[in-house]
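Here's the structure, in structure tokens; my notes come after.
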Amino acid sequence: MTNAARLIIVGCGHMGLAIVRGLLGVPPHRDIVVVETSAERRAVLSAYGGFTIASELEIAEGDFVVLAIPPQVFGAFADAQRHRFTPRTPVLSVMAGLTSRAIATALGTSEVVRAIPNTPSEVFEGMSVYFAEAAVSPRTIAQSDELLRAIGKAFRVGAEELVDDATAICGGGPAFVSYIVDAFCQFATSCGFTEAAGREMAVQVFGGTATLIAESGKPPMQLCREVMTPNGTTERGIAAFDAADLKKSVLAALTASALRSRELASMSAGVRVGETDG
Ligand SMILES: NC(=O)c1ccc[n+]([C@@H]2O[C@H](COP(=O)([O-])OP(=O)(O)OC[C@H]3O[C@@H](n4cnc5c(N)ncnc54)[C@H](OP(=O)(O)O)[C@@H]3O)[C@@H](O)[C@H]2O)c1
């Protein structure tokens, strides 16, 4: 991390750990401190090594703070910890549905970057989208960008509402994709494949197709049509998707998820942040 004394990750659950594990795997060496209130979780984290585990937050000059706690507890966190933040403490929030302004106001620092990463960060395949108000310093933006790029791809958006939409696409995306991969696995085992064989086929098909889409540069529907021989097996499968309106279902799921993020963001912007529930 660019000249930062320490990288402090507050909250080390699924997302916090994905970020830490991703960062531990790539140079440069970072002095990482994880602040975790759950004793049970601290015990789990101690098995990993490579970072310091603390139960109490302490912030020194130059430290960079990543907030990966649940949005519901942020209000109480801000009430208890606000005094540790200065108006220039750099903060990268990955909390879904909390606006950068609400976070800045609650903590008393104007240096807030709001990002939505995802759990593939753990294997350096993360996808993060982030927003920063114009007043945020180039240094904090560069530090956030560097951190997010260490664990995958990242880009900045100029309108904060797009982070809510990205919450559905990137944040929820791994869950949505896993849901569909599970259907492939279920089908494979129902045919008589072992669970391991079904998993291997499904994972390779999804990973291989993602690489093919990326490397060919072709539109996804072109790749779809290219393997649809008239009256063939793929065409029959796509016809079943269309009959079930699968694309409409996927769009409805993404829209519902993005709307929920906007709902949470507007609640956090207008009322005490601790009252959010999502
Ligand atoms: N999971 C994802 O794919 C994903 C994607 C994008 C963004 N996010 C965001 O990332 C954040 C964390 O999500 P998650 O899925 O990692 O949740 P999680 O697994 O529940 O992890 C949150 C961790 O923070 C701990 N914690 C709670 N209050 C704390 C405090 N005051 N100080 C330090 N630690 C505290 C929790 O301990 P207790 O269990 O004791 O409360 C828990 O271990 C959320 O804001 C979420 O919106 C998640």
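Source: prediction; values computed, not measured. Computed over heavy atoms, backbone and side chain alike; hydrogens, waters and symmetry mates excluded. Every number for a ligand or one of its atoms is a count from 1 in the order of the listing.
Sequence neighbours left out, not one pair with a member in residues 79-133 passes ring pair (Phe, Tyr, Trp, His ring centres under 6.0 Å).
Scanning Glu36, Met95, His14 for the heavy atom closest to atom 43 (O) of ligand 1 points to Glu36. When the heavy atoms of Gly11, Gly13, Ala54 are ranked by distance to atom 18 (P) of ligand 1, first place goes to Gly13. Atom 28 (N) of ligand 1 has its nearest heavy-atom neighbour, among Ile9, Val73, Val66, in Val73. Nearest-residue assignment for atom 39 (O) of ligand 1 (options Gly171, Gly126, Ser38; heavy-atom criterion): Ser38. In this structure, of Pro117, Gly173, Ala76, the residue bringing a heavy atom nearest to atom 5 (C) of ligand 1 is Pro117. When Val10, Val94, Thr37 are checked for heavy-atom proximity to atom 29 (C) of ligand 1, Thr37 turns out nearest.
Applying the side chain to side chain contact (heavy atoms under 4.5 Å, CB included) test between Val35 and each of Ile8, Val66, Thr52 identifies Ile8 as the sole match.
With no hydrogens or angles considered, a side-chain donor-acceptor pair links Glu160 and Ser100 at under 3.5 Å.
Shown here for Ser110 and Arg88, the closest heavy-atom pair between the two residues is OG-NH1, 3.2 Å. Between Gly171 and Pro174, the closest heavy-atom pair is O-CD, 3.5 Å.
In summary, Arg262 and Asp165 engage in a salt bridge, as defined by a charged side-chain N under 4.0 Å from a carboxylate O. Using a 4.0 Å cut-off between charged nitrogen and carboxylate oxygen, Arg6 and Asp63 count as a salt-bridge pair.
Atom numbering of ligand 1 starts at 1 in the shown order; those under 4.0 Å from a heavy atom of Phe77 are 31 (N). Taking every non-hydrogen atom of Pro71 and a distance limit under 4.0 Å, the qualifying atoms of ligand 1 come out as 44 (C), 45 (O), 47 (O). Interface atoms of ligand 1 facing Ile116, defined by a heavy-atom separation under 4.0 Å, are 6 (C), 7 (C). Those atoms of ligand 1 that come under 4.0 Å of a heavy atom in Ala68, given as number and element, are 11 (C), 12 (C), 22 (C).
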